[in-house]
2 protein chains.
Amino acid sequence: MRQSGALTEHAVAVARDPAAGSEHGAASTCPVCATADLVCGKWTLLIVHALAADARRFCELEQTLAGISPRTLSVRLRALEEAGLVARVPRTPDGAHAYALTDMGRELLPVIEAMERFGRRWLGGSEGPCGGR
Amino acid sequence: MRQSGALTEHAVAVARDPAAGSEHGAASTCPVCATADLVCGKWTLLIVHALAADARRFCELEQTLAGISPRTLSVRLRALEEAGLVARVPRTPDGAHAYALTDMGRELLPVIEAMERFGRRWLGGSEGPCGGR
DNA sequence: CTGCATCCTCCAGGATACTG
DNA sequence: CAGTATCCTGGAGGATGCAG
């Protein structure tokens with residue numbers, strides 16, 4: 001994990017090799033890894049999935065993704081916005097907005113579709129509710 | 001590289017199902033969710049990816065997945081075995097064994113391929129191999 | 001070599017409560 | 001309704017060491 005600092009008292013001198021030091025996180029050489037990182041969050045894919053059909057407002061997402069905490073939804077949404085997968089879009093003249101997939105976000109749908117196919121085939125729908133990690 | 005026959009063709013042709021997209025609440029089990037849980041681990045997909053081409057031994061996986069700790073590899077491998085995605089297979093007469101994808105595991109490849117395509121297109125990943133992350 | 005066990009750190013994310 | 005802020009916990013997973 002991350003020990004790249006003197007945060008621990010017993011970490012005396014860890015001369016980390018700058019060359020080999022790979023601060024993983026976003027930049028990855030492998031597209032699979034990079035996508036996995038993007039999507040790794042527990043709810044991330046479900047949010048994208050929930051937005052697949054049409055734009056949704058915050059409270060609508062809260063209802064669709066039953067069990068998600070507002071904090072988590074907020075955090076995930078922000079992350080997705082930053083990643084460029086989701087954008088806020090105006091929806092009503094009174095200024096209310098909603099969240100919608102961007103083109104990039106929409107292209108994540110094949111991944112979700114593939115997962116859904118797999119899930120239907122092998123996990124049959126009796127593997128327990130959403131929410132187990 | 002990874003290939004399991006003619007499975008490759010279908011993943012891209014996505015049919016956005018407007019109806020299904022919004023109906024996966026907590027009331028019913030969600031296949032996307034279940035698959036996501038299966039695959040959520042940091043290294044899980046990479047291990048499957050690494051096994052896509054052929055069976056690998058423990059130390060070979062350690063090398064391919066540069067940076068993974070033996071403990072994590074062991075844990076992940078065991079989880080994958082339990083999930084039925086990976087199986088130990090004999091490889092040499094002296095009793096050494098290797099890990100290989102099961103049929104079920106192989107059917108996870110479309111998901112990985114979809115992710116790879118996405119990664120290549122949007123995350124600038126043009127490289128094939130997973131170095132480290 | 002193969003692989004498990006033990007320790008320890010850290011962060012995603014749940015609960016809750018509060019603002020605009 | 002639409003978020004934000006604080007507190008807290010579970011478990012993933014890295015380091016290291018040992019057993020078969």
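Each chain gets a letter, A, B and so on, in the order its sequence line appears, and its residues count up from 1. As a basis for the values below, the full set of heavy atoms in this structure was taken, side chains included, without hydrogen atoms, waters or symmetry mates.
- Going from atom CD1 of Ile47(A) over to atom P of dG3(D) covers 12 Å, rounded to whole Å.
- Smallest separation of non-hydrogen atoms from Met104(A) and Phe118(B): O-CE1, 3.3 Å.
- Between the P atom of dC4(C) and the CD atom of Glu62(B) lies a distance of 12 Å, rounded to the nearest Å.
- Put simply, His97(B) has no side-chain N or O that comes within less than 4.0 Å of OP1 or OP2 on dC1(C).
- Thr102(A) places no side-chain N or O within 3.5 Å of a backbone atom of Ala87(A) that could act as its donor or acceptor partner.
- To the nearest 0.5 Å, atoms CZ (Arg106(A)) and CG (Leu101(A)) are separated by 5.5 Å.
- Residue order along DNA chain C, read from the 5' end via each residue's closest nucleotide, puts Thr44(A) first among Thr44(A) and Pro70(A).
- Distance Phe58(A) CZ to dG20(C) P: 17 Å, rounded to the nearest Å.
- Using a 4.0 Å cut-off on heavy atoms, the residues of residues 71-79 of chain A that approach DNA chain D are Arg71(A), Ser74(A), Arg78(A), listed by number.
- Separating the CG atom of Leu45(A) from the P atom of dG13(C) is a distance of 11 Å, rounded to the nearest angstrom.
- Side-chain atoms of Cys59(A) lie closest to dA2(D) of the nucleotides dT2(C), dA2(D), dA17(C).
- The environment of Arg88(B) atom CZ is dense: over 12 non-hydrogen atoms of other residues, nucleotides or ligands sit within 6.0 angstrom.
- As rounded to whole Å, 17 Å separates atom P of dA12(C) from atom CG of Asp37(B).
- Between Glu116(A) and Arg120(A) there is a salt bridge, since at least one side-chain N of the basic residue sits less than 4.0 Å from a carboxylate O of the acidic one.
- Of the candidates dG14(C), dG3(C), dC1(D), dG14(C) carries the atom nearest the Trp43(A) side chain, counting heavy atoms from C-beta on.
- The separation between Leu61(B) atom CG and dT2(C) atom P is 10 Å, rounded to whole Å.
- The two residues Ala98(A) and Arg57(A) come nearest to each other via the heavy atoms CB-CG, 3.9 Å.
- Protein atom CZ of Arg56(B) is 17 Å distant from nucleotide atom P of dC1(C), rounded to whole Å.
- We find that CG of Leu65(A) is positioned 14 Å from P of dA2(D), with the value rounded to whole Å.
- The OG1 atom of Thr64(A) sits 11.0 Å away from the CG atom of Leu46(A) when rounded to the nearest 0.5 Å.
- When the side-chain nitrogen and oxygen atoms of Tyr99(B) are compared with OP1 and OP2 of dG3(C), one or more of them lie within a distance under 4.0 Å.
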